[in-house]
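In what follows, a single structure is set out as structure tokens and then discussed.
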Amino acid sequence: MSNLSLNENLIRQVVSQVLAEVTRGGGVAASSYTTSSYAGRHGVFTDVDQAVNAARDAFEQLSQRGMEDRRKIIEIIRRISVSQCVELGTMEMNETKIGRLVHKIEKLKTLGEKTPGVEFMKSECFSGDHGLAVIEHAPFGVVLAITPVTHSLPTITGNAVSMIAAGNAVVVNPHPSGKKVAVEGVRRFNEAIKREVGIDNLISIIAEPTLDTANALFAHRGINMICVTGGPAVARAALRSGKKAVVAGPGNPPVVVDETADFDRAARAMITGAAYDNNLLCIAEKEVFVVDSVFDKVMQAMERAGAIRLNSGEVDRLTKAAIVKVGDDKHDAPCKDFLGQDAAVLAKAAGKSVSDKCELIFGEVDESNPFVPVEQMMPFLPFVRVRTFEEAVAKAKHYEHGFRHTSIIHSHNVKHMTYMGRVLDTTLYVKNGPCMAALGLGGEGYLSFSIAGPTGEGVTTPLTFTRERRCSMIDDLWILGKPKS
Ligand code: NAD
């Protein structure tokens with residue numbers, strides 16, 4: 001072999017090593033990129049670098065597999081979420097101590113069954129005089145998922161299904177108050193995926209998550225994309241990260257009821273939505289504006305449908321107990337002792353005794369009551385009396401705080417529906433149903449528990465976690481074209 005070809009070989013080796021590093025981390029080699037195997041860890045890590053490296057290894061293995069293996073992996077996640085929903089849902093309830101057991105269980109089952117998978121992976125194609133262009137949707141690589149306490153494992157189930165369907169690996173930084181169930185779920189997913197498909201750590205998780213681990217992951221060169229599901233602070237942090245971020249942020253969904261609504265149907269829908277998991281859903285009804293001429297009828301319909309009404313003294317007592325001042329600016333926030341607790345617990349604080357079976361309490365408030373602007377996440381629904389439909393919509397817009405998350409109307413006036421839809425400009429807009437109908441639960445459409453308002457992706461799907469690639473054939477393969485003479 002000549003000196004020249006030896007050098008060429010050396011150069012080729014170095015170039016291919018550098019290319020491999022760049023593909024792994026999107027930048028210059030970082031000390032954290034090791035080649036050691038993390039097989040057998042089943043995704044559970046305390047060290048951020050190890051978690052990212054293990055997910056990167058898993059991503060590279062997944063990249064060598066076809067769509068059929070992605071489908072198998074997703075089936076495993078679905079199977080565990082559905083078949084173990086009682087055990088894992090109970091674990092989540094015992095750990096987080098917020099919400100309702102029946103819904104903790106149901107959420108795992110629903111996310112397992114209904115999250116969009118590989119069937120959403122479609123390519124687009126353009127053909128014409130100049131040949132053929134195919135647009136395909138490629139994985140980003142390793143996606144960071146930050147998940148909320150309100151649905152710890154269900155959010156991981158949904159994120160993992162969609163992200164892996166798109167060909168990615170996932171690193172999860174769960175909420176510290178829901179970390180145990182998150183780790184146990186992820187361990188079970190990985191253990192089965194390793195056994196049945198041969199890849200470990202496709203979902204890596206930080207077992208002791210903190211704000212420091214979150215920040216280290218935001219900045220990590222091995223993370224290619226971020227998806228956060230949570231409140232304002234994490235939404236802001238993700239947008240500052242300098243990485244491609246999908247932000248599923250907070251909401252404060254208003255409801256408007258006008259003169260033309262079916263009041264009994266509206267009442268049933270509001271109870272179903274606002275009481276679900278004790279109002280922990282980000283899409284859940286949080287405050288209601290009702291036109292004066294039908295206000296009393298709507299309140300009576302709520303009572304007929306099983307909600308219990310508080311009088312003004314009781315509302316005042318509940319407000320003092322359940323809304324507290326926090327932060328340097330002393331802003332109103334839900335008191336942790338009441339967040340996600342049962343209606344009977346809230347009623348007791350209001351000085352009223354109600355049955356454990358009561359799902360929702362409600363009452364008339366002035367718009368200055370903090371339950372109106374605060375995302376309370378409690379099964380107490382405040383009702384505000386307004387003079388006109390236009391005033392209802394204006395107040396709904398004001399108290400939605402510009403999140404553009406979710407809004408709901410009960411009406412049979414199509415002009416009113418159109419007007420409110422245009423003014424509120426929210427990602428989800430429900431007419432004549434409970435909030436969850438917008439996620440295909442009693443309405444049409446598909447489901448995700450990461451609804452990206454601020455960054456605009458809406459209800460996330462596998463395509464949310466992809467990058468477009470175009471493959472162009474010039475002047476050929478347009479088989480409909482006339483042969484060139
Ligand atoms: P949270 O904001 O307290 O926590 C969410 C996650 O972000 C947790 O993992 C937490 O540890 C992390 N976090 C918080 N502050 C952070 C920071 N400064 N830097 C890095 N990470 C940070 O929210 P929560 O109480 O767990 O969940 C409820 C909130 O999430 C509500 O505001 C609700 O509307 C929102 N949410 C939105 C969606 C959606 O799809 N848009 C879905 C579920 C919940």
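Sequential numbering from 1 along the given sequence is applied to the chain's residues. Both ligands and their constituent atoms are indexed starting at 1 by order of listing.
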Per-atom contacts, ligand 1 versus G251 - under 4.0 Å to a heavy atom | 34 (O)

Minimum non-hydrogen distance to atom 35 (C) of ligand 1, winning option of G230, P174, P253 | G230

Would you please indicate if the ring centroids of F371 and F380 are separated by under 6.0 Å?
-> yes

If you compare T229, V149, L280, N252 by their heavy atoms, the one closest to atom 42 (C) of ligand 1 turns out to be T229

Counting from 1 in the order shown, the ligand 1 atoms closer than 4.0 Å to a non-hydrogen atom of A214 are 20 (C), 21 (N)

Counting heavy atoms only, name the option from E375, M377, R240 that's nearest to atom 33 (C) of ligand 1.
-> E375

For R79, does the CZ atom sit with more than 12 other heavy atoms under 6.0 Å from it, leaving out its own atoms?
-> yes

side-chain hydrogen bond (donor to acceptor under 3.5 Å, both in side chains) with D277: of R100, H103, K104, only one passes, and it is K104

Name the option, out of A182, G231, G458, that contains the heavy atom nearest to atom 23 (O) of ligand 1.
-> G231

Atoms of ligand 1 under 4.0 Å from any heavy atom of A248, numbered from 1 in the order shown, are 37 (C), 39 (C), 40 (O), 41 (N)

Considering only the protein, which heavy-atom contact is closest to atom 21 (N) of ligand 1, and what is its distance?
-> V234 CG2, 3.4 Å

Under 4.0 Å from ligand 1, counting heavy atoms only, is it the side chain of P148, its backbone, both or neither?
-> both

What part of R236 sits under 4.0 Å from ligand 1 if we count only heavy atoms: the side chain, the backbone, both or neither?
-> neither

Note the single closest protein heavy atom to atom 9 (O) of ligand 1, along with its residue, its atom name and the distance in Å.
-> T147 O, 2.7 Å

Is any side-chain heavy atom of I156 closer than 4.5 Å to a side-chain heavy atom of L153?
-> yes

Which atoms of ligand 1 are found less than 4.0 Å from any heavy atom of L211?
-> 15 (N), 16 (C), 17 (C), 19 (N), 20 (C), 21 (N), 22 (C)

How about V82 and C85: do any of their side-chain heavy atoms sit closer than 4.5 Å?
-> no

List the closest protein heavy-atom neighbour of atom 10 (C) of ligand 1: residue, atom name, distance to the nearest 0.1 Å.
-> H175 CD2, 3.8 Å

State the atoms of ligand 1, each with its element, that fall below the 4.0 Å cut-off from a heavy-atom position in H151.
-> 43 (C)

For H405, the ligand 1 atoms whose distance to one of its heavy atoms is below 4.0 Å | 39 (C), 41 (N)

State, without any angle test, whether S450 and T229 hold a side-chain donor-acceptor pair at a distance under 3.5 Å.
-> yes

Which of the ligand 1 atoms, numbered from 1, are nearer than 4.0 Å to a heavy atom of I146 | 6 (C), 7 (O), 9 (O), 12 (C)

Go through the steps to decide whether R404 and D425 satisfy the test salt bridge (charged side-chain N to carboxylate O under 4.0 Å, His left out), and finish with yes or no.
-> CA-CA 6 Å; R404 298 196 295 181; D425 195 18; 3.2 Å; yes

Run the numbers on K243 and M225 for side-chain contact (heavy atoms from CB on, under 4.5 Å), then give the verdict.
-> CA-CA 6 Å; K243 289 200 162 81; M225 184 185 194; over 6 Å; no

Which is it for F362 and M270 under the side-chain contact (heavy atoms from CB on, under 4.5 Å) test, yes or no, and what are the steps along the way?
-> CA-CA 11 Å; F362 71 105; M270 286 188 276; over 6 Å; no

Test side-chain contact (heavy atoms from CB on, under 4.5 Å) applied to F218 and R240, step by step | CA-CA 9 Å; F218 279 144; R240 277 197 309 266; over 6 Å; no

Can an N or O of G249 be found at a distance shorter than 3.5 Å from an N or O of ligand 1?
-> yes

Just jot down the ligand 1 atoms closer than 4.0 angstrom to any heavy atom of F449, in number order.
-> 40 (O), 42 (C)

For ligand 1, which part of P176 has a heavy atom less than 4.0 Å away: the side chain, the backbone, both, or neither?
-> side chain

Ring centroid separation F45 to Y38 under 6.0 Å = yes

Hey, can you tell me if F289 and Y399 have their rings parallel, tilted or perpendicular (30° and 60° cut-offs)?
-> parallel

